[in-house]
Amino acid sequence: MVEVASASRGESLLCVEWGVAQLALAGQSVSGDRAVVAAFPGGILAGAIDGLGHGPDAADAAALAAEELEAAPEKEIEALLSRCHDRLQGSRGAVISLASIDCGASTMTWGAIGNVEGVVLHDSRAMVHLVQQAGIVGQRVMPIRSTGIPLEQGDTVVLATDGIRGAFASSIGVGDPQNIADTILEQHSRGTDDALVLVVRFRGPMN
């Protein structure tokens, strides 16, 4: 049985509901993986951060990135990743995937540096995969690019660190976000690294 540590169970925030499940590597007291879900006027920023390696140094790098994201969640993806890159200079470094949802426009902009995987399962059951860029935030990054896509009511966004096997998309079901996060962690955790799954479901534009 995989131990599941959840930061939120069925929590709703503006136009989304979300859940997160995570697991530290066996023998470690802290995880180097961290989720961020932060509201800003008219929208939501969701992110998954994987501090390189594991243990306290990885956790410290992830915490620095989370502080930058939570301080200015309304900024564009490129600016947020650039801020994190500057802040993490001299740290272990991290890989990060971000999704910024405009609740009124029913759109999402997302981008990734490194191997935190992301998928969007549309309510129509079509799936879109996040395009990842090579690099390490705090050490080396290529020019940062983001991509925008429309969202439909019921669309589900999943971000997963590399402690989760790449086949996790097959376990994205129709349950609530927390149950999906728990199921993916239990079924797809590698057991050789910290692991984190963040699931965000778009509830539709705000009234």
Side-chain angles (χ1 to χ4, degrees), residues 1-13 16-39 44-70 73 80-81 84 88 91-99 101 110 112-121 130 132 136-138 156-173 175-201:
M1 176 66 69
V2 175
E3 180 182 356
V4 176
S6 300
S8 162
R9 289 197 172 272
E11 185 162 343
S12 296
L13 194 62
V16 304
E17 56 181 339
W18 59 282
V20 60
Q22 66 183 71
L23 181 69
L25 178 65
Q28 296 294 327
S29 60
V30 293
S31 173
D33 293 356
R34 187 158 178 156
V36 170
V37 180
I44 300 292
L45 176 70
I49 307 163
D50 182 351
L52 262 63
H54 46 77
D57 288 343
D60 288 347
L64 291 175
E67 287 177 7
E68 284 298 316
L69 298 174
E70 291 167 349
L80 288 168
L81 289 171
C84 288
L88 268 61
S91 76
R92 177 72 65 83
V95 292
I96 304 173
S97 287
L98 301 177
I101 297 175
W110 61 352
I113 300 296
N115 60 347
V116 177
E117 292 196 53
V119 299
V120 177
L121 181 64
L130 171 63
Q132 301 163 320
I136 299 171
V137 179
T156 302
V157 182
V158 182
L159 301 177
T161 63
D162 67 351
I164 301 295
R165 296 185 185 90
F168 72 85
S170 64
S171 296
I172 303 175
D176 67 72
Q178 187 59 55
N179 286 338
I180 293 172
D182 291 342
T183 297
I184 291 173
L185 182 67
E186 183 169 0
Q187 294 183 355
H188 298 282
S189 174
R190 296 181 188 276
T192 56
D193 197 357
D194 302 325
L196 180 141
V197 182
L198 172 61
V199 179
V200 179
R201 176 164 295 139

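Reckoned from all heavy atoms, side chains included, excluding hydrogens, waters and symmetry mates.
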Worked verdict on Q22 versus D33 for side chain to side chain contact (heavy atoms under 4.5 Å, CB included)
CA-CA 8 Å; Q22 66 183 71; D33 293 356; 5.7 Å; no
Yes or no on side chain to side chain contact (heavy atoms under 4.5 Å, CB included) for H188 and S170, after CA distance, side-chain angles and deciding distance?
CA-CA 10 Å; H188 298 282; S170 64; 4.0 Å; yes
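The shortest heavy-atom contact between A195 and S189 is CB-OG, 4.1 Å. Residue A39 comes nearest to P73 through the heavy atom pair O-CG, 3.7 Å, listed as atom of the first residue, atom of the second, then distance. Nearest heavy-atom pair across G47 and L198 is O-CD2, 3.5 Å. Shortest non-hydrogen contact noted between P56 and Q28 is CD-OE1, 4.2 Å. For L196 against A35, the heavy-atom pair with the smallest separation is CD1-N, 3.6 Å. Of all non-hydrogen atoms in S91 and A61, the two that sit nearest each other are OG-CB, 4.0 Å.
Atoms OG and CD, from S97 and Q132 in turn, are 6.0 Å apart once rounded to the nearest 0.5 Å. Here the CD1-CD distance, from I184 to E186, works out to 12.0 Å after rounding to the nearest 0.5 Å.
Residues passing the side chain to side chain donor-acceptor pair (under 3.5 Å) test with S31, sequence neighbours excluded: none.
When each of V116, L80, L81, I113 is paired with I96, the side-chain contact (heavy atoms from CB on, under 4.5 Å) condition holds for L81 and for no other. Exactly one of I49, L159, V36, L69 qualifies for a side-chain contact (heavy atoms from CB on, under 4.5 Å) with L98. That residue is L69. Among I164, L121, V120, V197, the one residue that satisfies the side-chain contact (heavy atoms from CB on, under 4.5 Å) test with V158 is V197.
For residues 188-198, no pair satisfies salt bridge (Lys or Arg N to Asp or Glu O under 4.0 Å), with sequence neighbours left out. Applying the salt bridge (Lys or Arg N to Asp or Glu O under 4.0 Å) rule to pairs touching residues 44-69 yields D57-R92, E67-R87, E68-R83, E68-R87, sequence neighbours excluded.
In this structure a side-chain-to-backbone donor-acceptor pair under 3.5 Å is missing from R201 to V157.
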